[in-house]
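Naming convention: chains lettered A, B, ... in sequence-line order (proteins, then strands); numbering from 1 in each chain. The analysis underlying the following values was restricted to heavy atoms, covering all of them including side chains, and did not include hydrogens, waters or symmetry mates.
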Number of protein chains: 2
Amino acid sequence: MGERMTASVKHLPADERRALTVDAVVELAAEQNPRDITTAAIAKRMGLTQGALFRHFPTKEAILQAVMAWVAERLLARVDKAMQAEASPIAALEAIFLTHIDFVAGHPGVPRMMFGELQVAGETAPKRMVTTLIKHYGERLHKLVEDGKAKGELDAALDTEAAVTLFIGTIQGLVMQSLLSGDADNMRHDARRVFAIYRRGVGRVAGQGAPVGSSA
Amino acid sequence: MGERMTASVKHLPADERRALTVDAVVELAAEQNPRDITTAAIAKRMGLTQGALFRHFPTKEAILQAVMAWVAERLLARVDKAMQAEASPIAALEAIFLTHIDFVAGHPGVPRMMFGELQVAGETAPKRMVTTLIKHYGERLHKLVEDGKAKGELDAALDTEAAVTLFIGTIQGLVMQSLLSGDADNMRHDARRVFAIYRRGVGRVAGQGAPVGSSA
DNA sequence: GTTAAGATAGTAAGTAATTACTTGCTTGAT
DNA sequence: ATCAAGCAAGTAATTACTTACTATCTTAAC
């Protein structure tokens, strides 16, 4: 009795419509400029009229907030999973990097939306969610870098904050590159090449021959 | 006789108004979200009415194009100057990096505008200027990295393309960091710390004691 | 030099298009 | 039968751009 049939497209319960709305926005952000995502465009993508959106969200900002909550939840879950699967800090850093790139390659509009929200003037809810996400993300990286230094995997004199900034910047660089090429898929390939340089930059011994990781 | 008096604020010749318009946009982009830069906001900043803008520019897009031309000219000039002042490739790379960060710290809205233009859907003139700028920028970096490898300053096995991507990404990371902190000035300080890691990542010998650069 | 003509740069008040959001009514699942 | 969920057609605000008119500078005849 609690079961719901999805035979009919219309008159879905609110929870599912909210989830589908988030999906629509993420899809649209991948195809066009996030700033061109109007409520009309979202509704059209969902096969609804524009007004119907406001049965589930009070404002457009609330929609964006839901999207950012979705991103934060999914991304951090993937990061934590990747972290826990690896024993050493440096391997965990690489796993996080690759899963992050994989996430972003699968949802190319997400980093653009995040960057866009960061530039919003006031103190909006979506902006706060982005800053919180990056804060939590940075804390995990910070801890891993410190652990790596303590275990001797990373250079003991390494500037931890700078290493975290560069880690995030490395991802940003790949995003920008995919923006220029118009192809998000090559991010996955370029990611390994770029991270190799990063690893050399933070590693204890920038070995010429010593293989550091084995996850290839 | 050909001299012009600037006593009166109004009725300036077209060339000067165009230059002042670019200045206004660059200023506004530093203070607010570039997407909120309306023609009304530009005019207000210049002390003009909105309609007066269209005496000098046919469309808003033409204004953005002028801004991007201004950016490309100034940034590449600084890059070339920094390049030529240094003898070795690695020193040139660091000089470019620092002068770029200095430029961006002085005009924090510029990288945001560039990133925004890259996301525009169609084939607009401002977008083309950005891609061209990055292309020329990348070519200079590419050449320097290759030179550095040939001279033995950089790792012979270094992935040149990845090194260029990471170089640009490093700057993006600092921009994002300044967006989070709300302070563009600390970019100049963080730049050295972050570039130190990058240099280790691309350098031939990631020496613990050997001083590579001397420009401090 | 003075001054009238002509071009340039400004203003104020439009305009059509687009935006997020609302309202009154209808549909459909339970 | 009830009520959440949907539709169609609004609304006010904002946008880039236009139009009709005015002020200012330049220039050349006198």
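- Regarding contacts with the backbone of D/dA4, every side-chain N or O of A/His56 stays at 4.0 angstrom or more from both OP1 and OP2.
- For the pair A/Ile37 CD1 and C/dT19 C1', the interatomic distance rounds to 15 Å; values are reported in whole Å.
- When the nucleotides C/dT19, C/dC25, C/dG10 are ranked by their closest atom to the side chain of A/Arg55, C/dC25 comes out on top.
- Heavy atoms of B/Thr49 sit under 4.0 angstrom from at least one base atom.
- Distance, B/Arg17 CZ to D/dT24 P: 14 Å, rounded to whole Å.
- Nucleotide D/dA16 holds its P atom 4 Å from the NZ atom of B/Lys60, rounded to whole Å.
- Between the P atom of C/dT19 and the CG atom of A/Asp36 lies a distance of 8 Å, rounded to the nearest Å.
- Mapping A/Gly51 and B/Gly47 onto DNA chain C via the closest heavy atom, the residue that lands nearer the 5' end is B/Gly47.
- Ring pair A/His100/A/Tyr137 is perpendicular by interplanar angle, where above 60° counts as perpendicular and below 30° as parallel.
- In this model, the phosphate group of C/dA20 is approached by a side-chain N or O of A/Thr39 to a distance below 4.0 Å at OP1 or OP2.
- Rounded to whole Å, the distance from CZ on B/Phe57 to P on D/dC17 is 12 Å.
- Taking the six-membered ring for Trp and thresholds of 30 and 60 degrees, B/Phe115 and A/Phe115 have ring planes inclined between 30 and 60 degrees apart.
- Going from atom CG of A/Leu20 over to atom C1' of D/dG6 covers 15 Å, rounded to whole Å.
- Counting only heavy atoms from C-beta on, B/Gln50 has its side chain closest to D/dC17 among D/dC17, C/dA12, C/dT22.
- Between B/Phe97 and B/Phe167, the ring-plane angle classifies as perpendicular under the 30° and 60° cut-offs.
- The interatomic distance linking B/Leu53 (CG) with C/dA12 (P) rounds to 14 Å, in whole Å.
- Listed nucleotides: C/dA20, D/dA16, C/dG10. Nearest to the side chain of B/Ala52: C/dG10.
- With rounding to whole Å, B/Leu48 atom CG is found 14 Å from C/dA12 atom C1'.
- Ring geometry for B/Trp70 against B/His107 counts as perpendicular: the plane angle is over 60°, on a 0 to 90° scale with 30° as the lower cut.
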**Request:** May I have the step-by-step check of side chain to side chain contact (heavy atoms under 4.5 Å, CB included) for A/Asp190 and B/Glu161, ending in yes or no?
**Result:** CA-CA 9 Å; A/Asp190 292 343; B/Glu161 281 184 36; 5.8 Å; no
